[in-house]
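Note: hydrogens, waters and symmetry copies are ignored here, and every other heavy atom, side chains too, is used. Here, residue 1 is the first one in the sequence, and each next residue gets the next number.
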Amino acid sequence: MASNSPRPTKAERRSAARAQAQALREEQERKERRAKITRRSLLGVGALAVVGIGAGLAYSARDDGSQGAAAVATDKADKKGVPSVVMSDGSWTYGKGMVAGTANEGATVLDVYFDYSCHFCATFETLHADEIADLVNAGTVTLVLHPCKILGMDWTDMVMNAQGLVLDEDPEHALEFHNTASALFTKIYSAQDTSMMTVDNLVAAADEAGVKEEVSAKFADAIKANTYSAWTELGNETFQDKGLTGTPTIQLDGESVDLGSIGTSTGLTDLIKKG
């Protein structure tokens with residue numbers, strides 16, 4: 001059954017996202033302090049310290065030097081089980097007008113690697129959704145979304161199948177559904193209530209996004225059949241091939257972004273202006 005509790009407004013979601021972003025910055029500062037202490041303690045014996053990702057945590061907040069392709073993929077995946085608009089690397093794109101499958105020629109490429117079961121990813125989307133739309137519509141960036149499943153949760157499969165269906169049958173509402181699905185996961189994570197991970201709640205998120213009812217009515221069948229499993233696999237292959245280690249990983253023209261430096265609703269814009 002869908003939750004009967006009122007959905008938070010966009011302003012409330014933005015406020016919660018700002019609070020979470022502040023918590024992330026503070027946690028990152030603590031990690032960096034611990035890392036400095038570890039490096040100092042190991043320098044005397046010439047050891048190399050490798051800081052791993054904590055159990056259940058998928059957050060890449062620091063530029064680890066990894067480089068991604070600064071250009072948007074040019075070929076479609078053209079594969080069964082992958083939405084028709086999706087590119088060969090599992091991504092889908094947005095240029096001016098926020099039309100799926102478009103790009104802004106010559107613009108900065110904004111790559112967002114995410115997992116629908118990653119609450120840090122959901123926080124990023126909630127905080128920066130409006131800002132990214134403004135940057136795309138101004139022709140400043142091309143948005144490239146890279147879904148993957150690195151946390152191994154069934155929820156990711158559920159959302160990927162629903163999102164795949166929307167991309168194929170109602171693409172004009174795909175980005176808004178992406179955003180409302182992210183907001184839904186923020187609510188689920190905050191409540192620590194996995195019973196909210198239902199098809200009904202995904203349908204409600206789709207309704208909020210304006211997705212056609214005849215499309216969201218097919219969510220249950222697509223999820224049961226895991227219709228878009230090939231898309232998930234393709235996204236995972238790209239994530240692994242690029243040597244990425246956590247989500248969200250954000251890149252501007254192939255350069256990894258320190259998420260701690262963009263923890264405001266204008267953080268990306270400010271960073272691009274500095275560049």
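- Distance check, rounded to the nearest 0.5 Å: CG of L252 to CG of L110 gives 5.5 Å.
- A side-chain donor-acceptor contact under 3.5 Å links N137 to the backbone of G97.
- One distance of note links NZ of K273 with OG1 of T266; it measures 8.0 Å at 0.5 Å rounding.
- D115 CG to T249 OG1: the interatomic distance, rounded to the nearest 0.5 Å, is 11.5 Å.
- In this structure, F114 has its ring center no closer than 6.0 Å to that of F185.
- When the shell of 6.0 Å around CG of D193 is examined, it contains more than 12 heavy atoms from other residues, nucleotides or ligands.
- Side-chain contact check for M160 versus P147: some heavy-atom pair is nearer than 4.5 Å.
- Distance check: Y113 OH to I150 CD1 gives 12.5 Å after rounding to the nearest 0.5 Å.
- Contact between M87 and T74 at its shortest, heavy atoms only, is CE-C, 3.6 Å.
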Let me see the working for I132 and Y94 under side-chain contact (heavy atoms from CB on, under 4.5 Å), right down to the final yes or no. CA-CA 10 Å; I132 289 173; Y94 288 94; over 6 Å; no

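- M98 and F177 fall within the same hydrophobic cluster, defined by Ile, Leu, Val, Met, Phe, Trp and Tyr side-chain heavy atoms under 4.5 Å apart, directly or through other members.
- Ring-centre distance between H128 and F124: below the 6.0 Å cut-off.
- Residues D253 and A107 approach most closely at OD1-O, 4.4 Å, considering heavy atoms.
- The OG1 atom of T93 lies 9.5 Å from the NE2 atom of H146; values are rounded to the nearest 0.5 Å.
- For the residue pair S91 / D89, a side-chain donor-acceptor distance below 3.5 Å is found, with atom types taken as modelled.
- A donor-acceptor pair is defined here as one N or O able to donate and one able to accept, closer than 3.5 Å; no such pair exists between the side chain of Q240 and the backbone of E237.
- The CD atom of E214 lies 7.5 Å from the NZ atom of K218; values are rounded to the nearest 0.5 Å.
- In this structure, L135 is a member of the same hydrophobic cluster as I262, with clusters built from ILVMFWY side-chain heavy atoms closer than 4.5 Å.
- Taking each heavy atom of M197 and M158 in turn, the nearest pair found is O-CE, 3.8 Å.
- One N or O on the side chain of E131 and one on the backbone of L268 form a donor-acceptor pair closer than 3.5 Å.
- Using a 4.5 Å heavy-atom threshold, the side chains of W231 and L167 count as touching.
- Using a 4.5 Å cut-off on side-chain heavy atoms (C-beta onward), T180 and H173 make no contact.
- T126 places no side-chain N or O within donor-acceptor distance of the main-chain N or O of T123, the cut-off being under 3.5 Å.
- Under a 3.5 Å cut-off, the side chain of W92 and the backbone N or O of G101 do not form any donor-acceptor pair.
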Exercise for the section: Quick one: do F120 and L259 satisfy side-chain contact (heavy atoms from CB on, under 4.5 Å)? Show the steps, please. Expected result: CA-CA 10 Å; F120 292 116; L259 297 187; over 6 Å; no

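- The environment of CD in E213 is sparse: at most 12 heavy-atom neighbours from other residues, nucleotides or ligands sit within 6.0 Å.
- Taking 4.5 Å as the limit, some side-chain heavy atom of H178 sits within range of a side-chain heavy atom of Y116.
- Taking each heavy atom of K79 and A230 in turn, the nearest pair found is CE-CB, 4.4 Å.
- Not a single donor-acceptor pair under 3.5 Å links the side chain of D111 to the backbone N or O of G254.
- Across L184 and A205, no two heavy atoms sit closer than the pair CD2-CB, 4.4 Å.
- Shortest non-hydrogen contact noted between V136 and K96 is O-CG, 3.6 Å.
- Judged purely by atom type and a 3.5 angstrom limit, N161 uses its side chain to pair as donor or acceptor with the backbone of D157.
- With a 4.5 Å cut-off on side-chain heavy atoms, D207 and S216 count as touching.
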* To do: Please assess L145 against E125 for the test side-chain contact (heavy atoms from CB on, under 4.5 Å), listing each intermediate value before the final yes or no.
  => CA-CA 11 Å; L145 294 170; E125 295 294 343; 4.2 Å; yes

Item to check | Candidate pair L151 and C118, rule side-chain contact (heavy atoms from CB on, under 4.5 Å), full reasoning | outcome: CA-CA 8 Å; L151 293 177; C118 164; 4.1 Å; yes

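- No side-chain heavy atom of N104 sits less than 4.5 Å from a side-chain heavy atom of V141.
- Looking only at distances, a side-chain donor or acceptor of T102 sits under 3.5 Å from a matching main-chain atom of G95.
- Here the side chain of T186 pairs a donor or acceptor atom with the backbone of S182 at under 3.5 angstrom.
- At a threshold of 4.5 Å between side-chain heavy atoms, the hydrophobic network of Ile, Leu, Val, Met, Phe, Trp and Tyr places V99 and V211 in two separate groups.
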